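This one's a predicted model, so the numbers in the text were calculated from it and none came from an experiment.
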Amino acid sequence: MAKKGGFRGGGLGGGMNMNMIKQAQKMQDDLLKMQAEMEDKTYSANSGGGAVTAVVTGKRELSELTILPDAVDPEDVEMLQDLIVAAVNEALRKAENSMSDSMARLTGGLGLGF
C-alpha cells in the first residue's frame, strides 16, 4: 500500500534543481542577448598590404569589399582573386574567434561544444 501523500519532488530533487533550471534559463537569455550583439558587430581584415579590405558581419555575411586601384592588374587577375579570398577568410576568422571567445566567457568553460 502506498504511503499517504504519494511521491514527492516529482523527480526534480526539490529547490536545488529549480535553481539549476533558473540558471539554465538565465544562460539561455544571456546567450540570445550575446548572439544579437554579435550579429550587429563587424569585422574587417585586409591583404596585400591593404590593397584589399573585407568587412563581414557577425552573421557571417560580406558587407563591404574595398579594392585599391593599384591592386587591379588586368594581366594578373588571379592575384587579385587570391587577395580577395584571403581578406574575406581572415575577416570571417576574426568574427568566428570573437564569437567563440564570447561563448566561452558566457558558459564559463562548461565545454558545451559551441
Are any non-hydrogen side-chain atoms of [X] and [Y] less than 4.5 angstrom apart?
X	Y	result
Val88	Leu92	yes
Met103	Leu31	yes
Leu80	Asp73	no

Quick check on the hydrophobic clustering: are [X] and [Y] connected, directly or via other members, by side-chain heavy-atom contacts under 4.5 Å?
X	Y	result
Tyr43	Leu65	yes
Leu68	Leu83	no
Met99	Leu62	yes

So how far is it from [X] [atom1] to [Y] [atom2], rounded to the nearest 0.5 Å?
X	Y	atom1	atom2	result
Lys94	Asn89	NZ	CG	13.0 Å
Met38	Ser100	CE	OG	8.5 Å
Ile84	Thr66	CD1	OG1	11.0 Å
Asp76	Gln81	CG	CD	9.5 Å
Asn46	Ile67	CG	CD1	13.0 Å
Asp82	Glu78	CG	CD	7.0 Å

Original post:
Between Lys26 and Asp30, does at least one N-O distance fall below 4.0 Å, as a salt bridge requires?
Top reply: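 Yes.
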Subject >> Pair Glu96 + Arg93: basic N to acidic O under 4.0 Å >> reply: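 No, Glu96 and Arg93 are not salt-bridged.
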Original post:
At their closest point, which heavy atom of Ala45 faces which heavy atom of Ala87, and how far apart are they?
Top reply: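 Distance-wise, the nearest heavy atoms are CB-O, 3.7 Å.
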Original post:
How close do Ser47 and Ala86 get, heavy atom to heavy atom, and via which atoms?
Top reply: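 Nearest heavy atoms, Ser47 then Ala86: CB-CB, 4.1 Å.
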